[in-house]
Number of protein chains: 2
Amino acid sequence: MKRKSLQGAACPVARTLDLIGDWWSLLIIRDALDGIRRFSDFQKNLDIAKNMLSARLKALVEQGIMQTVPAADGGAYKEYVLTERGKALQTVIVALSQWGGEFMYEAGETGSVMVDAQNRQPIRKLELVAADGRVLAPEDVATRLAVEH
Amino acid sequence: MKRKSLQGAACPVARTLDLIGDWWSLLIIRDALDGIRRFSDFQKNLDIAKNMLSARLKALVEQGIMQTVPAADGGAYKEYVLTERGKALQTVIVALSQWGGEFMYEAGETGSVMVDAQNRQPIRKLELVAADGRVLAPEDVATRLAVEH
DNA sequence: CCGTATCCATTCCGATACTG
DNA sequence: CAGTATCGGAATGGATACGG
């Protein structure tokens with residue numbers, strides 16, 4: 001039996017997971033955000049099988065999340081970079097990173113953190129903010145079906 | 001061949017995806033954040049096979065993301081609710097939802113949005129903010145290995 | 001160096017049947 | 001209603017070999 005497609009779902013979470021909700025895509029995007037561009041660099045860094053990496057990159061390009069460009073150094077091979085759409089996934093990566101940093105490490109264990117590139121200081125924790133600027137707790141956020149008016 | 005475990009990775013994104021990076025976990029958590037607590041409600045809402053749901057819930061409980069509690073109505077069966085750790089994943093869900101809302105819908109198509117429970121107004125888009133309060137663009141954020149000092 | 005193609009074990013996932 | 005057990009087809013992912 002085939003896994004259902006979630007593209008018809010009303011929930012944008014479901015549609016998004018349908019694109020990037022697998023084991024590798026978000027890790028590839030994380031590396032791409034870190035400046036990795038070449039096939040072999042992704043492969044070494046992720047320790048992913050080459051056929052898997054090939055398939056994932058192809059899918060990400062088809063979905064408009066990444067695109068191929070000529071090599072920056074004038075080499076013969078193409079490189080993979082994020083589109084604007086792909087870059088916008090950084091919020092998701094940061095959310096995952098902050099949660100993991102908070103809950104997945106023992107005391108004294110070192111992990112990596114997201115920092116302000118200018119001064120290398122960690123960025124603030126993401127916050128849920130209401131339209132009027134109040135910071136919201138998890139319980140204060142609900143889901144509503146969007147309707148035109 | 002078995003899939004590698006990412007638990008030893010230095011990157012918190014990898015560790016987190018190792019826990020919840022599969023197709024169903026985040027959807028279950030999204031429903032739980034929406035107030036769904038009972039096995040059959042998850043099952044109907046997600047249209048997931050019962051054995052899959054059973055396995056996922058068990059894993060989420062083992063990982064400390066959900067916990068079982070006696071039924072709120074005094075019924076004989078337990079219910080599944082998020083722990084604090086699980087509720088903290090709301091940022092991830094919101095990030096996915098906002099990205100999906102922006103990039104996965106045609107004009108005029110309706111999806112659901114995250115709103116302030118008090119006044120039903122959509123919440124603000126998540127922002128990457130530096131320690132000193134500046135809003136950062138994707139390019140202004142880097143990854144740094146955290147070190148004790 | 002950059003990938004593609006093929007093989008195979010493992011895992012995933014849905015359908016169905018069953019217990020309490 | 002709340003799960004567990006089992007089965008089989010499909011997809012995943014790693015190793016290896018191969019071609020541009």
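Letters A, B, ... mirror the listed sequences (proteins, then strands); counts begin at 1. Values below: all heavy atoms of this structure, side chains included; hydrogens, waters and symmetry mates excluded.
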Quick one: [X] [atom1] to [N] [atom2], roughly how many Å, whole number?
X	N	atom1	atom2	answer
B/I48	C/dA15	CD1	P	12 Å
A/Q43	D/dT16	CD	P	13 Å
A/L53	C/dG3	CG	P	9 Å
A/F39	C/dC2	CZ	C1'	7 Å
A/D22	D/dA10	CG	C1'	16 Å
B/Y80	D/dC1	OH	P	15 Å
A/W23	C/dT10	CH2	C1'	14 Å
B/I28	C/dC13	CD1	P	10 Å

For this session: First locate atom CD of B/Q98, then atom OG1 of A/T91, and finally report the distance between them rounded to the nearest 0.5 Å.
Result: 7.5 Å
Problem set entry | Nearest-0.5 Å distance, OG of residue B/S112 to CZ of residue B/R30 | 7.5 Å
For this session: Kindly determine whether A/Q121 and A/V115 satisfy side-chain contact (heavy atoms from CB on, under 4.5 Å), including the steps that lead there.
Result: CA-CA 5 Å; A/Q121 290 305 302; A/V115 298; 5.9 Å; no
Give a yes/no on whether any side-chain N or O of [X] is located under 4.0 angstrom from OP1 or OP2 of [N].
X	N	result
A/R56	D/dG13	yes
A/S40	C/dC2	yes
B/K78	D/dG3	yes
B/R38	D/dC1	no

Problem set entry | For DNA chain D, stems built from three or more consecutive Watson-Crick or G-U wobble pairs below 3.5 Å | C:3-20 with D:1-18
Problem set entry | A/L96 side chain near B/I20 side chain, heavy-atom distance below 4.5 Å | yes
Exercise. Counting side-chain heavy atoms from C-beta on, which of C/dG3, C/dC13, C/dC2 comes nearest to B/W24?
Worked result: C/dC13
For this session: State which of C/dA17, D/dC1, D/dG13 makes the closest approach to the side chain of B/K44.
Result: D/dC1
For this session: For B/S54 and B/N51, test the side chains for any donor-to-acceptor distance below 3.5 angstrom and give the result as yes or no.
Result: no
For this session: Check the pair A/E127 / A/R134 against salt bridge (Lys or Arg N to Asp or Glu O under 4.0 Å), numbers first and verdict last.
Result: CA-CA 10 Å; A/E127 288 179 334; A/R134 279 173 301 122; over 6 Å; no
For this session: Kindly indicate whether a cation-pi arrangement holds for A/R15 with B/Y105, taking the cut-offs as under 6.0 Å to the six-membered ring centre and within 45° of the axis.
Result: yes
Exercise. Just checking B/N51: base, sugar-phosphate only, or nothing, at a heavy-atom cut-off of under 4.0 Å?
Worked result: base
Exercise. Which part of the nucleic acid, if any, lies within reach of B/F42 when heavy atoms closer than 4.0 Å are counted: base, sugar-phosphate only, or nothing?
Worked result: nothing
